Amino acid sequence: MVRRTALLLAAVLGAALVAPGAATAADACAPVDWGSGDEVAASGTQGALTNVRAGQHECFDRLVFDFSGVNEGYSVGYVSEVTQEGSGDVVPLRGGGKLQVAVSSPAYDGGGNPTYTPADRRELVDVTGYATFRQAAWAGSFEGRTTIGLGTRARLPFRVFTLPGRVVVDVAHTW
């Protein structure tokens with residue numbers, strides 16, 4: 001009886017010690033404080049767009065906009081169709097979610113010379129094998145605003161933040 005009680009106690013204690021770690025691992029990628037509603041930040045200062053790049057992380061995919069100066073202005077949100085700056089033409093995107101990402105910076109300098117020229121407007125970055133991203137496509141730069149269409153696997157939670165000379169968009173792998 002003592003041995004059976006000791007074994008039962010050891011099993012319960014072992015489960016209690018393992019369960020919090022397992023729950024923590026499972027919850028590690030929960031997008032706390034992320035949502036799928038529009039995110040907007042106004043900026044009176046802008047620098048020219050110089051690059052767009054992407055990266056994969058354990059819990060999310062990341063799209064980064066690099067600028068020659070300061071930019072803290074953006075408008076990011078899911079839309080039924082991403083449209084091209086100026087013309088309003090639909091930008092075709094792969095994926096179940098369409099995220100329209102607009103930054104408050106042109107892709108040209110004060111003289112109208114390009115500061116960012118995508119090699120392929122339909123595939124700004126190679127997102128092959130990404131968990132969430134399906135496509136990043138050029139939607140234009142017009143009147144001091146540059147827009148990118150980001151096709152995602154589904155309408156997943158995202159967050160947007162700024163770093164010096166950058167706007168960062170993270171889209172979670174799960175809800």
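These numbers come from a predicted model, not from an experiment.
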| field | Close side-chain approach of Leu99 and Val169, heavy atoms under 4.5 Å | value | yes

| query | Would you call Trp138 and Ile148 a side-chain contact if the rule is heavy atoms closer than 4.5 Å? | reply | yes

| message | What's the separation between atom OG1 in Thr50 and atom CG in Asp109, rounded to the nearest 0.5 Å? | response | 12.5 Å

| Validation row: His173, Asp61 side chains within 4.5 angstrom (heavy atoms) | yes

| task | Any chance you could measure Thr128, atom OG1, to Gln135, atom CD, to the nearest 0.5 Å? | result | 10.5 Å

| query | What is the minimum heavy-atom distance between Ala107 and Ser141, and which atoms define it? | reply | N-OG, 2.8 Å

| field | Rounded distance [0.5 Å steps], CD in Gln56 versus CZ in Phe133 | value | 9.5 Å

| query | Taking C-beta and beyond as the side chain, do Val167 and Phe67 meet within less than 4.5 Å on heavy atoms? | reply | yes

| request: Determine yes or no for a side-chain-to-main-chain donor-acceptor pair under 3.5 angstrom, with Thr115 supplying the side chain and Leu49 the backbone. | output: yes

| request: Would you name the heavy atoms of Gly77 and Asp38 that are closest together and state the gap between them? | output: CA-OD1, 3.3 Å

| query | If two hydrophobic side chains count as joined below 4.5 Å and joins carry through other members, does Val91 share a cluster with Val79? | reply | yes

| query | Of the non-hydrogen atoms in Val82 and Gly149, which two are nearest, and what is the gap between them? | reply | CG1-CA, 3.8 Å

| Is any side-chain heavy atom of Arg134 less than 4.5 Å from a side-chain heavy atom of Leu93? | no

| field | Side chain proximity check, Ser104 to Asn71, heavy atoms < 4.5 angstrom | value | yes

| query | Is the shortest heavy-atom distance from the side chain of Phe60 to the side chain of Thr132 under 4.5 Å? | reply | no

| Which heavy atom of Cys29 sits nearest a heavy atom of Thr174, and at what distance? | O-OG1, 4.1 Å

| said: For a quick test of reading the model, state the closest non-hydrogen atom pair linking Phe161 to Arg62 and the distance between them. | reply: CZ-NH2, 3.6 Å

| Hey, does Thr146 have a side-chain heavy atom less than 4.5 Å from the side chain of Tyr116? | no

| remark: When rounded to the nearest 0.5 Å, the distance separating OH of Tyr108 from OG1 of Thr117 is 13.0 Å

| query | Can you get from Val64 to Val101 by hopping between Ile, Leu, Val, Met, Phe, Trp and Tyr side chains that sit under 4.5 Å apart? | reply | no

| field | Considering all heavy atoms, the nearest Gly47-Ser68 contact | value | C-OG, 4.2 Å

| message | Determine whether Val171 and Trp34 satisfy the following criterion, side-chain contact (heavy atoms from CB on, under 4.5 Å), listing intermediate values before the conclusion. | response | CA-CA 9 Å; Val171 183; Trp34 295 25; 5.9 Å; no

| message | Taking Trp175 as the starting point, is it possible to reach Phe158 by hopping between hydrophobic residues whose side chains are less than 4.5 Å apart? | response | yes

| Asp33 and Arg159 ion-paired at < 4.0 Å | no

| task | List for me each residue that meets salt bridge (Lys or Arg N to Asp or Glu O under 4.0 Å) alongside Arg121, sequence neighbours excluded, and say none if there are none. | result | none

| field | Interatomic distance, Asp120 atom CG to Asp126 atom CG [nearest 0.5 angstrom] | value | 10.5 Å

| message | To the nearest 0.5 Å, what is the distance between CG on Leu63 and CZ on Arg53? | response | 9.5 Å

| Can you get from Phe142 to Val52 by hopping between Ile, Leu, Val, Met, Phe, Trp and Tyr side chains that sit under 4.5 Å apart? | no

| Is it the case that one hydrophobic cluster holds both Tyr130 and Val76, taking links as side-chain heavy atoms less than 4.5 Å apart, direct or via other members? | yes

| Pairs where residues 84-104 contributes a residue and the test salt bridge (Lys or Arg N to Asp or Glu O under 4.0 Å) is met, not counting sequence neighbours | Glu85-Arg145, Arg94-Glu123

